[in-house]
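Since we're looking at a predicted model, the values are computed, not measured.
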Amino acid sequence: MDKKMTLRVVIATALILVIGTVGWQVFITPNSKQLAISKVEAQEIAGERYDGEIVGTEELSEQFIITIQSDLGEYEIKISRATGEVESVEQIKATEQPKQLSEQEVEEIVLKNAPGEIKEMSKSTEDKVEYYDAVVKDADEKTMIVKVHSETGEVVEKTEQKPAQTDKKQQNNSSNDKTVAKQEKKDQKKAENQENKEQKKEQKQEKKEPEKEKKKNISEAEAIQIALNRVAGEVDDVDLESSNGQLYYFVEIETADDLEAEIQIHAISGKIVSIEWDD
């Protein structure tokens with residue numbers, strides 16, 4: 001009888017301990033449903049932390065998987081349903097970046113559209129789009145200007161550079177040859193005299209207003225910034241030179257793909273006059 005009573009007491013005590021333990025855990029442990037974040041909240045967390053457009057949301061038992069599309073590609077963000085913490089970020093698809101054509105590929109495109117010899121080729125930028133500008137001379141001494149898109153290889157412009165007009169009678173009459181040559185020499189001399197007058201006039205004006213002219217010049221730092229805005233890279237050298245009474249900055253830049261560009265910038269207006277490329 002005593003043994004039965006003792007057994008009953010032990011069982012009752014065990015049951016009380018089990019019920020107490022379970023009750024205590026329920027009391028101190030927060031309800032996971034109360035802590036869980038919603039689908040909208042998970043999307044807000046992803047959108048606030050990462051740039052891009054949310055293109056998909058997958059709900060799992062313990063986490064949300066948010067898919068975001070950005071300029072660099074597609075990313076998968078895993079967020080805990082219980083805490084709202086970002087558990088991982090993984091790029092699942094990379095955006096293919098546009099590939100620029102090599103100069104050799106551009107030369108082949110140019111010669112296919114304008115057979116001859118490439119005399120000069122430079123790179124220019126218009127509306128954030130880069131182009132190759134090639135000067136081609138054919139067997140008949142005709143000069144063509146060909147503009148090629150640096151990524152697609154599309155020939156966007158092809159124009160013929162007109163030569164100076166000559167007298168047709170020059171081919172049949174030697175006396176006319178002499179007359180034309182004499183007239184050309186006279187015109188050339190006249191043009192040179194006019195150019196000299198204009199240069200002297202500019203130089204005289206510069207002497208009269210030296211301080212005023214200096215105030216108009218952009219600084220070397222401004223010239224460098226203008227050059228870097230056009231061609232990204234590292235500045236190797238900067239020179240300020242005078243040509244025909246005008247001052248120009250010549251900024252040399254080495255790009256990441258080991259190309260060298262020399263950018264000529266007007267020292268007063270800050271306008272880019274030319275860009276020359278060299279391997």
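Atoms CG and CD, on Asp239 and Glu220 in that order, are 8.5 Å from each other to the nearest 0.5 Å. Going from atom OG1 of Thr159 over to atom NZ of Lys147 covers 9.0 Å, rounded to the nearest 0.5 Å. To the nearest 0.5 Å, the span separating CD on Glu44 from CD1 on Ile37 amounts to 9.5 Å. Atom CD1 of Ile263 is separated from atom CH2 of Trp277 by 7.0 Å, given to the nearest 0.5 angstrom. Going from atom OG1 of Thr67 over to atom CD of Glu76 covers 5.5 Å, rounded to the nearest 0.5 Å. Glu107 contributes atom CD, which lies 8.5 Å from atom OG of Ser102 (distance to the nearest 0.5 angstrom).
Taking 4.5 Å as the limit, some side-chain heavy atom of Tyr75 sits within range of a side-chain heavy atom of Ser70. When side chains are defined from C-beta on, Leu247 counts as touching Ser242, because their heavy atoms get closer than 4.5 Å. Looking at heavy atoms from C-beta onward, Tyr248 lies in side-chain contact with His266 at the 4.5 angstrom threshold. Put simply, the side chain of His149 reaches to within 4.5 Å of the side chain of Tyr131, judged on heavy atoms. Using a 4.5 Å heavy-atom cutoff, the side chains of Tyr132 and Val110 are not in contact. Residues Ile218 and Tyr249 are in side-chain contact: their nearest non-hydrogen atoms beyond the backbone lie under 4.5 Å apart.
Counting heavy-atom neighbours within 6.0 Å of Asp127 CG, excluding the residue itself, gives a total of 12 or less. The local environment of CG in Asp237 is crowded, with over 12 non-hydrogen atoms from other residues, nucleotides or ligands closer than 6.0 Å. Around atom CD of Glu87, more than 12 heavy atoms belonging to other residues, nucleotides or ligands sit under 6.0 Å away.
Gln161 contributes no side-chain N or O that, together with a main-chain N or O of Val135, makes up a donor-acceptor pair within less than 3.5 Å. Using modelled atom types, one side-chain atom of Glu222 and one backbone atom of Ser219 make a donor-acceptor pair closer than 3.5 Å.
Using a cutoff of 4.0 Å between basic side-chain nitrogens and carboxylate oxygens, Lys78 and Glu90 are not scored as salt-bridged.
One hydrophobic cluster, built from ILVMFWY side chains closer than 4.5 Å, holds both Val235 and Ile275. Taken together through direct or relayed side-chain contacts under 4.5 Å among Ile, Leu, Val, Met, Phe, Trp and Tyr, Val86 and Ile65 form parts of separate hydrophobic clusters. Residues Ile145 and Val106 do not share a hydrophobic cluster, defined by chaining ILVMFWY side chains whose heavy atoms lie under 4.5 Å apart. No chain of hydrophobic side-chain contacts below 4.5 Å, direct or via other Ile, Leu, Val, Met, Phe, Trp or Tyr residues, connects Phe250 to Ile272. In the hydrophobic cluster analysis, where Ile, Leu, Val, Met, Phe, Trp and Tyr join through side-chain heavy atoms closer than 4.5 angstrom, Ile118 is grouped together with Val146.
Checking Glu85 against Ser80 by side-chain atom types alone, no donor-acceptor pair falls below 3.5 Å.
When each of Glu41, Glu59, Glu58 is tested with Arg81 by the rule salt bridge (charged side-chain N to carboxylate O under 4.0 Å, His left out), just one qualifies, namely Glu59. When the options Ile79, Ile66, Ile77 are evaluated for a side-chain contact (heavy atoms from CB on, under 4.5 Å) with Gln43, the one that passes is Ile66.
Contact record, Glu151 with Leu101: O-CG, 3.8 Å, taken as the closest heavy-atom pair. Here the closest non-hydrogen pair linking Pro115 and Asp138 is O-CB, 3.5 Å. Lys158 approaches Asn113 most closely through the heavy-atom pair NZ-O, 3.0 Å. Nearest heavy atom pair, residue Leu228 against residue Gly233, reads CD2-O, 3.5 Å. What you find for Ile253 and Val231 is that their closest heavy atoms are CD1-O, 3.6 Å. Residue Ala267 comes nearest to Leu240 through the heavy atom pair CB-CD1, 4.0 Å, listed as atom of the first residue, atom of the second, then distance.
A search for side chain to side chain contact (heavy atoms under 4.5 Å, CB included) contacts involving Gln225 returns Asn229, not counting sequence neighbours.
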